[in-house]
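Right, one structure below, let's go through it.
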Number of protein chains: 2
Amino acid sequence: MVERGSTGVPGGRRKQRVSMADVAKLAGVSSQTVSRVSNGYPGVIGATREQVLTAMRDLGYRPNSAARALRYGQFNTIGVILFSLSSTGNSRTVEAIATRAAAEGYAITLIPIDVPTQDNVLGAFTRMGELAVDAVIVIMEIHLLDTGTVQLPPGVHVVVVDSDAGDRYSVVDTDQADGARKAVSHLLDLGHRTVWHVTGPETSFAGQRRTQAWRRVLEEAGRPVPPPLHGDWSAESGYAAGLALAAQPDCTAVFASNDQMALGLLRAFHERGLRVPADISVVGFDDIPDAAFFVPPLTTVHQDFAEVGRRCVQDALHQIRTHGGSQPGTDLVPTSLVVRHSTAAPPDRHR
Amino acid sequence: MVERGSTGVPGGRRKQRVSMADVAKLAGVSSQTVSRVSNGYPGVIGATREQVLTAMRDLGYRPNSAARALRYGQFNTIGVILFSLSSTGNSRTVEAIATRAAAEGYAITLIPIDVPTQDNVLGAFTRMGELAVDAVIVIMEIHLLDTGTVQLPPGVHVVVVDSDAGDRYSVVDTDQADGARKAVSHLLDLGHRTVWHVTGPETSFAGQRRTQAWRRVLEEAGRPVPPPLHGDWSAESGYAAGLALAAQPDCTAVFASNDQMALGLLRAFHERGLRVPADISVVGFDDIPDAAFFVPPLTTVHQDFAEVGRRCVQDALHQIRTHGGSQPGTDLVPTSLVVRHSTAAPPDRHR
DNA sequence: GCCCCGCATGTTTACGTAAACATGTGCTGT
DNA sequence: ACAGCACATGTTTACGTAAACATGCGGGGC
């Protein structure tokens with residue numbers, strides 16, 4: 001008989017992972033008793049328990065979660081499908097999801113999608129299907145999924161962030177419209193005749209809703225609606241928009257659809273010699289940590305990403321526990337306007 | 001006999017997930033044949049294969065990864081333990097890890113640690129041990145682990161980012177020292193007599209190494225070494241440091257240990273009427289996307305987070321495939337200096 | 001024409017765990 | 001003192017998959 005446990009490689013161990021049977025043998029008990037100790041069940045006498053615990057320590061026993069999952073039919077894992085972690089919002093949402101899930105004893109499995117083509121998304125869902133996942137949280141413009149093509153594996157519970165798919169899925173989202181409303185109203189209240197707007201990409205529902213709300217507020221107030229400038233969330237696109245806006249003599253207030261584009265605006269205005277907020281006011285959206293340290297500190301709409309993440313997990317767990325008992329619908333997380341120093345009344349000549 | 005498949009809950013299905021046996025029954029074959037088809041093995045005649053595929057589709061069969069993992073003894077999953085996703089660097093590293101891992105057919109499981117106490121870290125490792133994970137990537141100051149207390153579960157392969165634990169673990173990291181050297185040298189080359197410095201937190205090895213390199217360059221050039229100012233990576237701490245530095249009449253150049261603190265510096269200097277770079281030069285570290293749109297655009301050290309993530313996964317996979325065959329050691333990813341507009345020669349009076 | 005071999009498919013088994021059921025010991029109550 | 005029961009512990013089984021081994025059929029070589 002060859003001793004297969006020994007190997008010449010330092011630290012190179014066969015995958016002879018320690019199982020309950022091994023512990024049981026060493027402790028001189030049955031594997032069921034080991035199981036009971038491992039799971040903290042009562043009905044094991046002190047001395048036996050000690051023996052088992054000692055054996056576990058000596059052998060470095062760790063339960064095999066695959067076997068557990070197989071036994072229980074669930075994995076204590078939530079999958080997160082997302083397009084990108086680069087945006088502050090996404091990474092903070094994911095962090096909140098992970099933290100909350102950990103507190104509930106769930107792990108998070110990340111499935112990133114490089115390029116959001118139908119194929120890739122479909123692939124991600126397929127992989128999720130094969131994956132050990134009890135529920136899936138999708139952080140992505142859901143219309144990319146085109147429900148006709150992409151079939152969510154049945155029996156997998158889904159929560160969607162940042163989408164209008166509330167009729168089909170459980171949706172958690174920031175109240176984009178209300179946030180935008182607050183931003184635009186704030187500028188109008190300061191006395192600006194109207195508010196210009198730098199949008200997010202057209203593929204973004206969050207961006208679309210902010211833009212809709214911006215338009216709505218202006219229309220309701222009977223103000224002219226300037227043509228929106230199209231951005232892509234990046235500071236660079238904000239900078240480009242800022243150069244264009246600086247050439248508009250009647251532009252005294254801008255609502256940017258996120259803080260990074262607002263940063264680009266600030267730089268463009270600074271370059272063109274426009275003082276913020278004396279000559280022109282800027283409001284952003286997101287309230288990223290850096291926003292308070294822009295020059296000048298940015299007035300912006302605060303999004304509670306942590307709360308979004310928390311509710312996602314709550315909803316996912318609820319679906320898991322009730323076997324999909326919850327109805328589709330949209331859960332809106334409120335926003336708040338954080339007023340800093342990038343907004344003020346318009347210059348006198350524009351009054 | 002009660003039919004347990006039916007339930008009154010809309011969409012609420014028992015966990016009667018479709019198994020190979022179900023497919024086999026419908027297709028009129030044995031489950032082994034289904035297995036063969038599922039895994040694309042040869043030795044199944046066309047007609048039979050078609051029958052099985054049809055049955056799979058009809059029932060919506062998806063393989064159970066827990067059973068697979070149990071059978072094979074591995075999970076095709078890499079765990080990532082991290083302190084925070086909030087920092088740009090971490091989230092981009094994680095994104096790169098996830099992307100690369102996905103390309104290799106591995107999933108990523110995230111374990112966040114709220115507060116990096118020994119207990120929490122230990123808990124995370126324990127959970128990882130129980131988790132279905134073939135390797136672990138730790139993004140964290142490793143000295144928090146204090147190897148005496150925290151025991152990595154044996155048989156789990158580990159890669160560490162941002163640490164000096166190269167003697168015990170496989171470490172992948174940005175070449176912090178070289179990056180800092182480039183930053184400080186750049187400023188000296190411009191004619192500054194010396195360079196002030198805002199550090200990262202003392203608990204950060206990355207920060208420590210940047211600070212060491214800063215000091216070393218000054219000493220080697222025979223320049224005075226001003227007392228470093230202590231930051232915590234946040235723009236706010238950079239702002240505070242900036243206010244202090246603005247009061248130093250002989251300070252003409254500052255190296256901030258990351259871009260966010262540099263942002264804080266820029267704002268403080270702007271508030272104090274110091275022009276950057278005419279009166280004072282600033283260099284950051286990281287090259288976050290926004291840095292190009294600071295006022296003025298920031299000269300900074302570019303870190304290739306994506307490459308770090310990629311190498312982490314490569315190393316982890318290598319360990320998995322060779323059963324831990326790789327030796328501990330440090331794999332350094334090079335940096336580059338990106339010169340923008342926040343640096344210039346010192347004002348004449350300081351020449 | 002018969003034997004043997006190859007190939008398609010079926011059967012058995014093990015992976016590690018834990019519920020369900022089975023056993024056996026000692027103590028309690030009358 | 002003995003029935004009966006509570007409690008500690010052991011045994012069996014199922015979870016879904018796939019390797020290893022077994023079966024059975026048809027066709028080619030002699």
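Just so you know, these numbers use all the heavy atoms, side chains as well, and skip hydrogens, waters and symmetry mates. Naming convention: chains lettered A, B, ... in sequence-line order (proteins, then strands); numbering from 1 in each chain.
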- Could you state the interatomic distance from CD (A:Gln314) to NE2 (A:His318), rounded to the nearest 0.5 Å? 10.0 Å

- Message: Distance check, rounded to the nearest 0.5 Å: B:Tyr61 atom OH versus B:Asn64 atom CG?
- Response: 7.5 Å

Rounding to an integer number of Å, can you tell me how far [X] [atom1] sits from [N] [atom2]?
X	N	atom1	atom2	answer
B:Lys25	D:dG16	NZ	C1'	15 Å
B:Gln51	C:dA8	CD	P	15 Å
A:Met20	D:dT11	CE	P	16 Å
B:Ile45	D:dG26	CD1	C1'	12 Å
B:Phe75	C:dG16	CZ	P	10 Å
B:Gln32	C:dA14	CD	P	15 Å
B:Tyr41	D:dT17	OH	C1'	11 Å
B:Arg49	C:dC7	CZ	C1'	14 Å

Using atom types as modelled and distance alone, determine if a side-chain donor or acceptor of [X] lies under 3.5 Å from a backbone N or O of [Y].
X	Y	answer
A:Asn90	A:Ser84	yes
A:Ser38	A:Val34	no
B:Asp134	B:Thr77	yes
B:Thr93	B:Gly89	yes

- Message: Using C1' atoms of five pairs at each end, report the bend of the helix from C:dG1-D:dC30 to C:dT30-D:dA1 rounded to 10 degrees.
- Response: 50°

- Query: Taking N and O atoms by type only, does the side chain of A:Arg62 place a donor or acceptor under 3.5 Å from a partner on the base of C:dG16?
  - Reply: no

- Message: With hydrogens left out and only the distance checked, is there a donor-acceptor pair under 3.5 Å joining A:Arg71's side chain and the base of D:dG16?
- Response: no

Among the candidates [options], find the nucleotide nearest to the side-chain atoms of [X].
X	options	answer
A:Tyr61	C:dT17, C:dT9, D:dT9	C:dT17
B:Ser30	D:dA18, D:dG10, C:dG10	C:dG10
A:Val29	D:dT17, D:dG10, C:dT17	D:dG10

Would you mind classifying the nucleic acid contact of [X] as base, sugar-phosphate or nothing, using non-hydrogen atoms under 4.0 angstrom?
X	value
A:Leu70	base
B:Thr33	sugar-phosphate
B:Ser19	sugar-phosphate

- Note on the structure: Comparing B:Gly28 with A:Ser35, nearest DNA chain C nucleotide closer to 5' gives the residue B:Gly28

Look at the side-chain N and O atoms of [X] and state whether any lies under 4.0 Å from the OP1 or OP2 oxygen of [N].
X	N	answer
A:Arg36	D:dT9	no
B:Thr48	C:dT9	yes
B:Asn64	D:dC15	no

- Task: Please report the closest heavy-atom contact between B:Tyr106 and B:Leu317, naming both atoms and the distance.
- Result: CE1-CD2, 3.4 Å

- Item | Under-4.0 Å salt bridge between B:Arg92 and B:Glu95 | no

